[in-house]
Every structure is written in structure tokens, then in C-alpha cells.
Chemist: 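The structure follows.
Chain letters run A, B, ... following the sequence lines, proteins first and then strands; every chain starts at 1.
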Number of protein chains: 2
Amino acid sequence: MEQVTRVKMADVARTAGVSVATVSKVVNGRYGVSQETLARVQQVIDDLGYEASLGARSLRSHRTNVLGILVAEFEPFSTELLKGAGSVVASTGYELLAYSGGGGGEVGWERRYLSRLSGTLIDGAVIVTPTVLDTYPGVPVIAIDPHAGPSGLPTVDSDNLAGGVMATEHLISLGHRRIAHLGGRTDLDSARLREQGFRQAMAAAGLPVDESLVLPGGYRRLTSAAPAHDLLDRPDRPTAVFAANDLSALAVLDAARDLGLRVPHDVSVVGFDNVPESALSEPPLTTVAQPLREMGATALRMLADLVSGREVPMHLRLATELHVRSTTAPPPPF
Amino acid sequence: MEQVTRVKMADVARTAGVSVATVSKVVNGRYGVSQETLARVQQVIDDLGYEASLGARSLRSHRTNVLGILVAEFEPFSTELLKGAGSVVASTGYELLAYSGGGGGEVGWERRYLSRLSGTLIDGAVIVTPTVLDTYPGVPVIAIDPHAGPSGLPTVDSDNLAGGVMATEHLISLGHRRIAHLGGRTDLDSARLREQGFRQAMAAAGLPVDESLVLPGGYRRLTSAAPAHDLLDRPDRPTAVFAANDLSALAVLDAARDLGLRVPHDVSVVGFDNVPESALSEPPLTTVAQPLREMGATALRMLADLVSGREVPMHLRLATELHVRSTTAPPPPF
DNA sequence: ATGAAAGCGCTAACAT
DNA sequence: ATGTTAGCGCTTTCAT
């Protein structure tokens, strides 16, 4: 029989002729219920389609069997992580709740979301690119790719330094000597490490870094447009640009097109991240891939361990990997 | 001051020297609080970093300002919808909670999830590809791409029939005559419509359908592997395969590679959905695009309307569109 | 303007 | 084996 209002435990209890406590025991598989009663109550539960309210249950029991993944926004980066987390959650026995304000991640969003959900709705959380890296009292938390470097929180990220080296070495091996770096957000750890990788590879090859060819791009397509243009619109322009992420690499592609430069014939471009958009550009972007799915999966497994009181590593760093597509080639001859 | 336990309303009340009732009024912007008290309480809230527990709040108020999107699994299809929903949620003033068991969607998962969350945690839900299409008592619900055809639930989907026709006509226009169809899940409406489109286009071109070339693939890469292999590993293999979705098309690509067949030289492949992965395959997949982001965005807007008591259309069908990439070409000569 | 008290749906002692 | 009772953290009358 369908009712117009949600079926609650009291409804089940009344229908089965028992107390709510007994129903609760049945639902939670506690001892102290006769076979006969159990069968009857179970039958009523099925008939009525009863399912315990997560809110009410967790308010009382402080255990929900649900893990959270908190993101500022559902965009390509975070949803890749989500796919990774989703692919392993079943094997942990938990269910997965992804939460986003939809806004655009005001500073401290992670703390608000966590307070909202923790203690009542989720047993622990994976936080994606938190801006503030406090430890959170009483809630198991794993950070993915935090903006500031590792602190008290168990963290999963990828090897930004090695990635920066890889991108730069790739260009050097093609014969480039005059290489520019369109940087990311200078306040972010990942951007600093990618630049450091760039400098390290240049130094190792005995190549000078022209400081006028190292410009901040801000990780976004819009903020990268002007510096990308400046980089390419000069008589002594570089033969290659290593951009700190794919979005800014795309901006370099835009700038090249505007200036009538062909990629990779006139100038080579390497990005970072390997978001799907990077494969869809024209030409498809050579980029350093972060293993986003694997990072999501790893973080979720760590969280499950943490919630179960098992030991987890403080910092897990996954390898990055160069994906050579079509924006890199040897430099033009003089 | 950081505490070791979650700060709750009682903590705020004690610190500010008022009752929890007053704090509640401040938090919810109710009238009946003096300017002075309001300022003091607000200050304490900020100092302590207090945020109301979603569970406790909604248990009492039955209004949460959170919309849910319920999916069987976080895979490319559902996460695209999620991106679409996420992109508009801010403009509706709601926050967004995505929920998944992680399992593989036992029958009736949507009812379980909905019971769990509705009434207490979310004000309404978008359900992605529900298997059972009941109306749900007392909860505003929008269905995306339901497995059974439209029923009592407001629904958003795309034109699967036209898409199936489009994919097949594309292959026919390239000169293919012997075309296979790797189907989806036979219990799903979308799969049936795509196959129907296939048959319709074949019939319109006066081409026979070899029934041994129509195999179910189950919409997943794993379940499609065997039938994809069977389709290609026969002396009279088809010159083209129309796969019911991108994941199974990717499985066809895998099978072709295993068998040493080149795509599209030896066999052409068309997918359906246009998930990001389809552009990343090698070679990039020709596919029928569903406007997934738009579907997600539309469904979320409809849900917001429904929750606000506004009228919503019963059935919104969005157009599909062929994206020709690199897995289709004329058939090999004999 | 403020606070006391009841209760949302559930679980966990503690009776019986 | 079953029921009674007391909350979980919050909102909401209803007093004051």
C-alpha cells in the first residue's frame, strides 16, 4: 500500500504490532529478536518499502556508513577524482556522498561543508584541493592536492616536480633551447613545484632561464591570455612554452593563432593535468598527465582505512606521465 | 579557539550567553533578536566556526536547501550530468548533494536512496536512469533518461531514436551495408530506441539486418568485451559496428586491436553519448552526442521549479547530434 | 526580545 | 525477547 507520506519506523512498528525498538533491532541486525518476529517485521519492511532516514539515524548513532567527498565545484578535475573514488567505494562497503555548494569555492568552503556533514551524515571525508589545511577535530579527513603543501592532513597528490622536469626535458630533447614558462598561481604549491621542475631541468641541461620568459598565468584561460600573448609577441620569442596547466596551455594556443603562429611548427606547447579538454584542442595538446582517477581511488581507500582506525601514510605521491600529442615538435630552423 | 569536538549550537549559546533558541533565530535570520544580541552571536559563530548540522537541522525543519542527484554509479555518463547540474545549482540558490551506493545499481536502488535521503536531507532529487519509475510520495523528483518510458514522473531525456537513425545513416552513407549493432541493456528504454533507430534506418535504405550481428552489450565496457569480440572474430564480419553507447564502442575498439584489425580501415565504429572518454580513444570515436551537461542543467532547473511549487513540463526531450571523429570511413574494398 | 520546552525519526541503555 | 525511556542537535511554538 502506497502512502502519501514517507514511511517511518513507527509505521512499520504499528503495522507489525511491535515496538519501534524491535524494528530498530531488526533493521540493524541486533540480537534479541525471535525468528518469528524478525520474519514478520522484515516482511512489513519490505511491504511498506521502509528505509531508515539517514539524517535521523546518524543523528543518534554517529555512524552512517557513508563517506563524503567534498568539492568546491563539479568540474572536469573533481569529477575525474569522483569517478576514481566511485570505482572503489563498493569494495570498501561504504556508500558515497559528493557535496558541493555549486558556488565557486569561497575561501574556507571546506570547513563549512565539513561542519555541515560531519558528525551527522558522513563518517569521514575526502576534501578536494582545500584552500585551508587545518586538521579537523574528530573527523577523519584525507586531502587531495591541497593548495598549500602537506601539513597535518594525510594527503594524496601527484608528482608536480617530476612532471615539470618531464615536460621541460621533452622540449629540450626535441632541440629547444629558448623555452618559456607560463606559470600558475604563485600561491599554490603545485604551481611552484612545476616551475621548480622547469628550472631544474633547464639547469641540468646547462640551459639558461631567461627570466623575462617566466610569467605568471594564474591557471585559468582568461588570466593566461595576456601573458601568453606577451610571450609570443616579441622578436626574440621562445621556440617553446611549458604552461603550468592545460587551461593556460590552451591560452597559449589561442595566442599563437591570433599571432598567425603555427603550432607546433613555429612554437611548441606543453600543458599539465591532461583534462579531457586537452585532447580536444586543435591540435591536441601534449601534456603531463596526473592520474586523477587513481588519486581519487587512493584517497577513498585511505579514508576507509582511516575511519576503521587503521594506519595510513601521511603523504602519498603518485607519478605523473608525459602524454605526447601534437603540439610539440623540433624548433624551426633559423 | 579550536575544540577537539564539533562545535554545536549549544556551544555558541553558552559562549554568547544566550539560549540556543536565540542562536537558532540568528542562524536562520528570524525576527525577534536585538541588533546587539545579533551582532554578538554572529561574532561568536564566526569565532567558533560554527555551522549547523545538516542532519539535525533537517530532521526538525524538513527544509534543507539541498537538492540531491541520485546515481547508481559515478561513471562518465552520470558525472557529465553532474557537471551540468553543478553549473546551474548556484543560480538556483540550492546546494548539491550527489549520492551513490557505489555498487552497481541493484534494482530499486533509487527507491532506497530516495527514502534514505528525502524528507530529512534533501528537498528533492534528480534520479539518473531509474529502473523503476514510480512516483514517489511527497518528494519532488525529476528523472533523467529513465529506463522505462515516461510515466508519472517529469522526465528529461534525449532523442535516442533519432540518434540511432543518425548513426546508422552515417555508416550507410559511407557505403557500409553489413552493419552490426552492439546493443545496450535490453531492459532499458534508451537501448531499445537506439536499436529501433538502427533497424529503421536499415529498413529505409533497403538493407537487411543480420540478426546474428545484433548482440546485447549491457552498456558497460566489461560486459561488452565478449560480444564485441564475437562480432569481429568471424569470417563474415561486419564492416561497421554501431554500438549502443560509448563504453561498448570502446570495447569494440579494444576487440579490434586484439584481433589485429585497424579502425577505421578494416572496421568502422560509432558510439553513443559523447562522454569525454570518446574523444580520448585511439583513434577518437565517432559518436552520437547527447547534450549531457545540458540535460543535467535542465533537470536541476526543473527540480528547483518543482520544489518551489512551480509548474514543470512532463517530458523534455533534447536533440542528439552526430560527432564525426576518426573511427568511421568507407568500408574496405573486397 | 528572549528562553523553556516539546519533538523531528531514530538508536541504545535499561527495564521487564 | 520485547518494550520503555532518554536523548542526538536542531527548530519552533509558546511563555515570559
Chemist: Does A/Arg30 place a side-chain N or O at less than 4.0 Å from the phosphate oxygens OP1/OP2 of C/dA12?
Modeler: yes

Chemist: Less than 4.0 Å between a side-chain N and a carboxylate O, is that true for A/Glu51 and A/Arg57?
Modeler: no

Chemist: Between atom CG in B/Leu121 and atom P in D/dG9, what is the gap in whole Å?
Modeler: 16 Å

Chemist: Quick one: which of C/dG9, D/dT4, C/dT2 gets closest to the side chain of B/His62?
Modeler: C/dG9

Chemist: B/Arg6 has an atom CZ; how far is it from atom P of D/dC8, in whole Å?
Modeler: 14 Å

Chemist: If I take atom CG in residue B/Asn28 and atom P in nucleotide C/dT2, what distance separates them, rounded to the nearest angstrom?
Modeler: 16 Å

Chemist: Any salt bridge between B/Glu80 and B/Arg293, counting N to O under 4.0 Å?
Modeler: yes

Chemist: With a 4.0 Å cutoff (strictly under), does any side-chain N or O of A/Arg40 reach OP1 or OP2 of D/dA1?
Modeler: no

Chemist: Considering every strand and a 4.0 Å limit on heavy-atom distances, what is the contact class for B/Val27: base, sugar-phosphate, or nothing?
Modeler: nothing

Chemist: What nucleic acid atoms does B/Ser58 come within less than 4.0 Å of, heavy atoms only: base, sugar-phosphate, or nothing?
Modeler: nothing

Chemist: Examine the base of D/dG9 for any acceptor or donor lying under 3.5 Å from a partner atom in the side chain of B/Arg60, and report the outcome as yes or no.
Modeler: no

Chemist: What heavy-atom pair brings A/Ile122 and A/Thr64 nearest, and what distance separates the two atoms?
Modeler: CA-OG1, 3.6 Å

Chemist: So, does A/Ser19 get its side chain near the phosphate of D/dT4, meaning an N or O under 4.0 Å from OP1 or OP2?
Modeler: no

Chemist: Between D/dC10, D/dT12, D/dG3, which nucleotide has the shortest distance from any of its atoms to the side chain of B/Ser24?
Modeler: D/dT12

Chemist: For A/Arg63 and C/dA12, what is the distance between atoms CZ and C1' respectively, to the nearest whole Å?
Modeler: 16 Å

Chemist: Using whole Å, what does the distance between atom C1' of nucleotide C/dC14 and atom NZ of A/Lys25 come to?
Modeler: 10 Å

Chemist: Taking the minimum atom-to-atom distance to the side chain of B/Tyr50, which one of D/dT11, D/dA1, D/dC10 wins?
Modeler: D/dC10

Chemist: Please pick, from D/dC10, C/dT2, C/dT11, the nucleotide with the shortest atom-to-atom distance to any side-chain atom of B/Ser34.
Modeler: C/dT2

Chemist: Is the closest basic N to carboxylate O distance between B/Asp11 and B/Arg14 below 4.0 Å?
Modeler: yes

Chemist: Mind checking if B/Ala21 touches a base, just sugar-phosphate, or nothing, with heavy atoms under 4.0 Å?
Modeler: base

Chemist: From the list C/dG9, C/dT11, D/dT12, which nucleotide is the closest neighbour of the side chain of A/Leu59?
Modeler: C/dG9

Chemist: For B/Tyr31 and D/dT13, what is the distance between atoms OH and C1' respectively, to the nearest whole Å?
Modeler: 18 Å

Chemist: With sugar-phosphate meaning primed atoms plus P, OP1 and OP2, does A/Ser61 contact a base, only sugar-phosphate, or nothing at under 4.0 Å between heavy atoms?
Modeler: sugar-phosphate

Chemist: Can you figure out which of C/dG3, D/dG9, C/dG9 approaches the side chain of A/Ser53 most closely?
Modeler: C/dG9

Chemist: State whether A/Thr37 places a side-chain N or O below 4.0 Å from either non-bridging phosphate oxygen (OP1 or OP2) of D/dA1.
Modeler: no

Chemist: Which atom names give the shortest non-hydrogen contact between B/Pro130 and B/Trp109, and what distance separates them?
Modeler: CA-CZ2, 4.4 Å

Chemist: Round to a whole Å and report the spacing from CE of B/Met9 to C1' of D/dT11.
Modeler: 8 Å

Chemist: Rounded to the nearest Å, what distance is computed from the CG atom of residue A/Leu117 to the C1' atom of nucleotide D/dG9?
Modeler: 15 Å

Chemist: From C-beta outward on A/Ala56, which listed nucleotide comes closest to its side chain: D/dT4, D/dC10, C/dC10?
Modeler: C/dC10

Chemist: Determine, for B/Arg220 against B/Glu75, whether the closest basic-nitrogen to carboxylate-oxygen distance falls under 4.0 angstrom.
Modeler: no

